[in-house]
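The structure appears below as structure tokens.
Residue numbers start from 1 in every chain, and the chains themselves are labelled A, B, ... in the order their sequence lines are given, proteins ahead of strands.
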Amino acid sequence: MNSSEDSAKDIIADLQSRNMVVQLSSGDELKSHLSEGSRAVYCGFDPTASSLHIGSMVPLLALKRFQMAGHTPIALVGGATGMIGDPSFKDSERKLNSTDIISDWVEQLKPQLSQFLDFDCGENSAVLVNNLDWTKDYDVLSFLRDVGKHFSVNAMIQKESVKQRIEREGEGISFTEFSYMILQSYDFAELNKRYGCTVQIGGSDQWGNITGGIDLTRRMNQSQVYGATLPLVTKSDGTKFGKSESGTIWLDPSMTSPYAFYQFWLGTADADVYSFMKYFTFLSAIEIDAIEATDKASGTKPEAQSILAKLVTELVHGDEGLTAATRISGALFSGDIAALTGDDLQQLELDGLPCSSIAANSAGIVEVLVATELAKSNKMAREFIGNNAVSVNGQLVSEPDFQLSAEKALQGQYFVLKRGKKLFHLGKLAQ
RNA sequence: GGAGGGGUUCCCGAGUGGCCAAAGGGAUCAGACUGUAAAUCUGACGCGCAAGCUUCGGUGGUUCAAAUCCACCCCCCUCCA
């Protein structure tokens, strides 16, 4: 993590060179505000699951970029706002999670938020806060009088982020979700008071909430603060970013293995890979442009995907995670599966290739595919076999009554099951 | 509380008594082509080898036959109070 040190002085220019700035409040003023001293910059993350997913990495890494530029990052975990639910650009009301679950998620998110920031670097060490701390004992009447009075409903319903919800036929918005903006605005004012925080960043869907906070801070604290929004990651083909065949790509290695994580980035479309490098790595825009130029000139398969996969996996899962991921990938995609040694196979298991044991007596391929979740029903399993989509230890399986017997196993007990081009599972014969 | 409009298979959305496991689109999956891309084409997409079975907010009912009709209930939306 080095290359952006040069551009550290002008963090906004650095972000702009990465196409990572969508909106800026009073742009020039914000730039000079940031260049004149070390500032406290905040970004909030609501507990909507037990782990962050890769979408949250853009703002989180942006906080890191601010820290590298000499500012103090404040990572806020939304113990309070997570109980309400942000309606911004959501087309329907969401169901509330129980408070127990939310506080559990808050605890799980804290180490993930911390992992990317430096909490021990003197002046601009990172700060981790929970907005529940300043809301849980705030009584309703005081809140409505002190905070609510500063908001005009007329202005609130004009915000683009909720407008469609209010106008959309067949949908509505509860007062609970409608109030979300007030809570987040209050967070900004509170952080301004507590930590002298003057900048909030977030995804571009947060613009309404951020400007709400700017206005509130001016009114409550008589202090000028600023906001900037980052792009929401989209894919060139219009499908949702951050999902793969097996679901959301989480940062928690027990939810998305480093191998699956690595594979996800490796599969990035050419049309997206260079902008993703700008969002998700610390390579400078210049370096990334150079990679793009080289790839274009080479006329063969681009290098960018493997660079991206390597850097992001390393960033999130460390050296060990990256090594495991590349080891599995190498064995499965470029090696001869039948030639794997017992040690290799054991290593695959340790590295986190999905693995399950197979009962020796009932090891018909159809049942095994279902048991390993490579197929979700017998019917699908048969269809996959009929489509030549299934192989065992590198051998195509074309008969639905194929049996996984000990004599066909590698090293007497392993089966590398493959469905489709990319989905693998290690089956281990129960002894 | 009153009036009206809705709840269909992952999502959107057609379907108003049999021809409906339910149009169409999207998403997803597989195959071909490739670079573990993209685009394109082909196929699949409730469960079951099959006969057949289980679905259309819930519960009961009418009928030879219901996603479609009736009753009650639950939930959502709009307007009025």
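Counting to the nearest Å, the P atom of B:C74 and the NZ atom of A:Lys95 are 22 Å from each other. Nucleotide B:U36 holds its C1' atom 14 Å from the CD atom of A:Glu303, rounded to whole Å. Rounded to whole Å, the distance from CE on A:Met380 to C1' on B:C49 is 16 Å. Rounded to whole Å, atom P of B:C29 lies 8 Å from atom CZ of A:Arg419. Between the CG atom of A:Leu396 and the P atom of B:A30 there is a distance of 15 Å, given to the nearest Å. The distance from atom CG of A:Leu308 to atom C1' of B:U36 is 15 Å, rounded to the nearest whole Å. As rounded to whole Å, 6 Å separates atom P of B:A38 from atom NZ of A:Lys422. Counting to the nearest Å, the C1' atom of B:A50 and the NZ atom of A:Lys379 are 11 Å from each other.
The separation of B:U8 from B:A14, taken at their C1' atoms, amounts to 9 Å, rounded to a whole angstrom. Look at the P atom in both B:U68 and B:G18: the space between them is 11 Å, to the nearest Å. B:C10 and B:C47 have their P atoms separated by 11 Å, with the value rounded to a whole Å. Atom name C1', nucleotides B:C29 and B:C20: the rounded distance is 25 Å, in whole Å. B:G25 and B:U9: their C1' atoms are spaced 15 Å apart (whole Å). Nucleotides B:C77 and B:G26, compared at atom C1', are 24 Å apart to the nearest Å. B:A44 sits 15 Å from B:A21 when the C1' atoms are compared, rounded to a whole Å. Comparing the same atom, P, in B:G60 and in B:G2 gives a spacing of 27 Å after rounding to whole Å.
The side chain to side chain donor-acceptor pair (under 3.5 Å) with A:Asp86 is formed by just one residue from the set A:Arg94, A:Gln206, A:Gln184; it is A:Gln206. Looking at A:Thr211, A:Leu76, A:Ile210 one by one, the single match for side-chain contact (heavy atoms from CB on, under 4.5 Å) with A:Gln200 turns out to be A:Ile210. Each of A:Ile54, A:Leu113, A:Leu109 was scored for a side-chain contact (heavy atoms from CB on, under 4.5 Å) with A:Leu251, with one residue passing: A:Ile54.
A:Ser329 comes within 4.0 angstrom of a base, heavy atoms only. A:Ala389 comes within 4.0 angstrom of the backbone, heavy atoms only, and of no base. A:Gln263 comes within 4.0 angstrom of a base, heavy atoms only. Within the 4.0 angstrom heavy-atom criterion, only backbone atoms of the sugar-phosphate kind lie near A:Phe384; the bases stay farther away. If you check every strand for non-hydrogen atoms under 4.0 Å, A:Pro302 touches a base.
Map A:Gly330 and A:Arg165 each onto its nearest nucleotide of RNA chain B; the residue landing nearer the 5' end is A:Gly330. For the pair A:Lys301 and A:Glu383, both in contact range of RNA chain B, the more 5′-proximal nearest nucleotide belongs to A:Lys301.
With a cut-off of 3.5 Å on both Watson-Crick or G-U wobble distances, the partner of B:G1 is given as B:C80. Nucleotide B:U68 has no partner under the Watson-Crick or G-U criteria, as no pair reaches both atom distances under 3.5 Å. Remark: B:G43 base-pairs with B:C29; criterion is Watson-Crick or G-U wobble with both hydrogen-bond distances under 3.5 Å. With both pairing distances under 3.5 Å, B:C49 is matched to nothing as a Watson-Crick or G-U wobble pair. A 3.5 Å limit on both hydrogen-bonding distances identifies no Watson-Crick or G-U partner for B:C56.
Ring-plane geometry between A:Phe175 and A:Phe178 is classed as tilted, the angle between the planes lying from 30 to 60 degrees on a 0 to 90 degree scale. A tilted orientation is assigned to the rings of A:Trp265 and A:Phe241, their planes being inclined by 30° to 60°.
Residue-to-nucleotide contacts include no donor-acceptor pair under 3.5 Å from the side chain of A:Asn387 to the base of B:G43.
Annotation: cation-pi pair A:Arg18/A:Tyr279 absent, no NZ/CZ under 6.0 Å from the ring centroid and within 45° of its normal.
Taking 4.0 angstrom as the limit, A:Lys421 places a side-chain polar atom (N or O) nearer than this to OP1 or OP2 of B:A32. For B:C49, one of the phosphate oxygens OP1 or OP2 lies less than 4.0 angstrom from a side-chain nitrogen or oxygen of A:Arg382. In this model, the phosphate group of B:G46 is not approached by any side-chain N or O of A:Ser377 to a distance below 4.0 Å at OP1 or OP2.
Electrostatic pairing of A:Glu177 and A:Lys90 does not count as a salt bridge here, judged by no charged N lying under 4.0 Å from a carboxylate O.
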